[in-house]
*Asks:* 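Can you read through this structure? Questions will come right after.
Atoms considered below: every heavy atom in the structure, side chains included; atoms not considered: hydrogens, waters and symmetry mates. This structure is a prediction, so every number in the text was calculated from the model and none was measured.
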Amino acid sequence: MDGIPLPRIPTVWFDRAGRGRDDLLDFLFPPLCPLCHTRVSQEHHLCPSCLEALPPQPENHCLRCGGQTDRPEPSCIQCRENPWTADASYFVFPYQGAVVELILGLKFADRSEYSVLLGRLIWERLGAAIRWESPELVLPMPLHPWRLIGRRYNQSALLARELARRLDRPLATNLLFRHKRTQPQTRLNAQARRHNVQGAFRVREEQGVKGRSLLLVDDVMTTGATIRAASAVLKQAGAARVIILCVARVDL
């Protein structure tokens, strides 16, 4: 290769913000829709067809636990009979269709970049409601250290990071921790799930949550046993308010 001049990239392609570099990368490696792999205008976006195919949020659900109801209710019969430990629960999608593919990719297929896309979708649908809740601190649902080693990252922490950035609020990844190694909840029925997560969570510094409004972020809510156990620990530590935010809720 000695003596062969290398091609020069015109400096005019590169402005101070680096837009020329980004244009070149987009030309060489165009961003693709993660679901159908067609070209999209921006990275971490869905194509119009896949965006349109995302399932709508059910109109009627309990504002406290997120369960389906006949009409919007601040607290459903199940919450009144078995008090819900969180003060409010939000979810963006029912757990169906393309949303399942995105969540499973983020959680088990090493597609950590999906957290950016899901964070944007959460914000587009629920950003106004979450801003109205005015959380002071954003927390992810923690993984047990051994599970974190196996997965290499906590998908809920990646989602929480996206929301904390948009809310301009601190992200606390170590304040709530999981000290008890439990069985995967997917293998258990509702009663066994509640027993499985009893005593699984602790707060590292109670002063960090005392009197504060907290946003607790997770990927999927099924029976709510894990969320209930975690939010109960936060309330016992003195949190003034715990707001749950999940990407999707499984219809039971």
Side-chain angles (χ1 to χ4, degrees), residues 85-86 89-91 95 100-119 122 135-167 169-210 212-239 241-250:
T85 51
S89 297
Y90 294 88
F91 65 101
Y95 189 69
V100 177
E101 183 176 344
L102 291 173
I103 291 175
L104 293 181
L106 170 63
K107 199 168 184 175
F108 299 117
D110 207 25
R111 303 307 301 264
S112 59
E113 70 273 15
Y114 285 2
S115 64
V116 181
L117 168 60
L118 289 170
I122 291 170
E136 300 170 70
L137 199 62
V138 182
L139 291 75
M141 181 65 68
L143 289 177
H144 187 274
W146 283 112
R147 190 163 296 170
L148 182 59
I149 290 171
R151 194 171 293 172
R152 297 191 301 111
Y153 59 84
N154 179 356
Q155 74 282 352
S156 297
L158 297 181
L159 294 167
R161 181 184 64 186
E162 292 298 313
L163 294 168
R165 179 177 62 83
R166 294 175 183 274
L167 283 166
R169 293 291 186 271
L171 172 66
T173 56
N174 295 317
L175 198 55
L176 177 69
F177 69 100
R178 195 164 189 156
H179 76 100
K180 175 183 172 184
R181 193 176 185 182
T182 58
Q183 300 180 53
Q185 293 283 76
T186 53
R187 304 172 186 173
L188 307 174
N189 60 31
Q191 183 176 357
R193 287 179 184 224
R194 289 192 294 270
H195 179 73
N196 188 44
V197 293
Q198 283 181 357
F201 300 99
R202 289 181 182 171
V203 172
R204 197 175 303 277
E205 295 180 13
E206 292 191 359
Q207 196 60 36
V209 303
K210 191 173 183 179
R212 307 182 81 175
S213 176
L214 311 175
L215 181 67
L216 181 59
V217 180
D218 203 4
D219 53 356
V220 180
M221 183 193 299
T222 306
T223 64
T226 305
I227 289 279
R228 186 188 295 270
S231 56
V233 167
L234 292 170
K235 294 300 283 283
Q236 289 164 8
R241 187 170 172 81
V242 177
I243 304 106
I244 303 300
L245 177 59
C246 294
V247 178
R249 195 187 200 287
V250 177

*Asks:* Please answer whether the main-chain N or O of M141 pairs with a side-chain N or O of N154 as donor and acceptor at a distance below 3.5 Å.
*Replies:*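 A pair under 3.5 Å: yes.
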
*Asks:* The criterion is side-chain hydrogen bond (donor to acceptor under 3.5 Å, both in side chains); which residues satisfy it with R166, sequence neighbours excluded?
*Replies:*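 Not a single residue meets the side-chain hydrogen bond (donor to acceptor under 3.5 Å, both in side chains) criterion with R166.
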
*Asks:* With N174, which residues qualify under side chain to side chain contact (heavy atoms under 4.5 Å, CB included), at least two apart?
*Replies:*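 Partners of N174 by the side chain to side chain contact (heavy atoms under 4.5 Å, CB included) criterion, ordered by chain and then number, come out as R204.
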
*Asks:* Can you sort out the partners of D218 under salt bridge (charged side-chain N to carboxylate O under 4.0 Å, His left out), two or more places apart, ordered by chain and number?
*Replies:*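 In terms of salt bridge (charged side-chain N to carboxylate O under 4.0 Å, His left out), with neighbours along the sequence ignored, D218 is linked to no residue.
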
*Asks:* Enumerate the salt bridge (charged side-chain N to carboxylate O under 4.0 Å, His left out) contacts for residues 148-161, please, sequence neighbours excluded, ordered by first and then second residue.
*Replies:* D110-R152

*Asks:* Between M221 and C246, which heavy-atom pair has the shortest distance, and what is it?
*Replies:*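 Between these two residues, the closest heavy atoms are CB-SG, 3.9 Å.
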
*Asks:* Taking R169 for the side chain and P135 for the main chain, is one N or O donor matched with an acceptor at less than 3.5 Å?
*Replies:*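 Yes; judged by distance alone, with no hydrogens or angles, the pair exists.
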
*Asks:* Among residues at least two apart in sequence or on other chains, which ones pass salt bridge (charged side-chain N to carboxylate O under 4.0 Å, His left out) with E113?
*Replies:* R111

*Asks:* Only one of L117, V247, D219 passes side-chain contact (heavy atoms from CB on, under 4.5 Å) with L102; say which it is.
*Replies:* L117

*Asks:* Please enumerate all residues that pass side chain to side chain contact (heavy atoms under 4.5 Å, CB included) together with A160, with sequence neighbours excluded.
*Replies:* V138, P140, L171, V217

*Asks:* According to salt bridge (charged side-chain N to carboxylate O under 4.0 Å, His left out), who are the partners of R165, at least two apart in sequence or on a separate chain?
*Replies:*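 Partners of R165 by the salt bridge (charged side-chain N to carboxylate O under 4.0 Å, His left out) criterion, ordered by chain and then number, come out as E162.
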
*Asks:* What closest approach, in Å, do Y114 and L106 show between heavy atoms, and which atom pair accounts for it?
*Replies:* CD2-N, 3.9 Å

*Asks:* How close do L137 and G208 get, heavy atom to heavy atom, and via which atoms?
*Replies:*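 Here L137 and G208 meet closest at CD2-O, 3.9 Å.
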
*Asks:* T85: which residues meet the side-chain hydrogen bond (donor to acceptor under 3.5 Å, both in side chains) condition with it, sequence neighbours left out?
*Replies:* S231

*Asks:* Are F201 and T226 packed together at the side-chain level, in the sense that at least one heavy-atom pair is separated by less than 4.5 angstrom?
*Replies:* yes

*Asks:* For K107 and Q155, which heavy atoms make the closest approach, and how far apart are they?
*Replies:*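 Taking K107 first and Q155 second, the nearest heavy atoms are CE-NE2, 3.6 Å.
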
*Asks:* Could you list the residues that satisfy side chain to side chain contact (heavy atoms under 4.5 Å, CB included) with E101, not counting sequence neighbours?
*Replies:*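 With sequence neighbours excluded, E101 shows a side chain to side chain contact (heavy atoms under 4.5 Å, CB included) to L35, given in chain and number order.
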
*Asks:* With sequence neighbours excluded, tell me which residues meet salt bridge (charged side-chain N to carboxylate O under 4.0 Å, His left out) with R241.
*Replies:*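 In terms of salt bridge (charged side-chain N to carboxylate O under 4.0 Å, His left out), with neighbours along the sequence ignored, R241 is linked to E133.
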
*Asks:* If you compare all heavy atoms of G119 against all heavy atoms of L163, which two are closest, and at what distance to 0.1 Å?
*Replies:* O-CD2, 4.5 Å

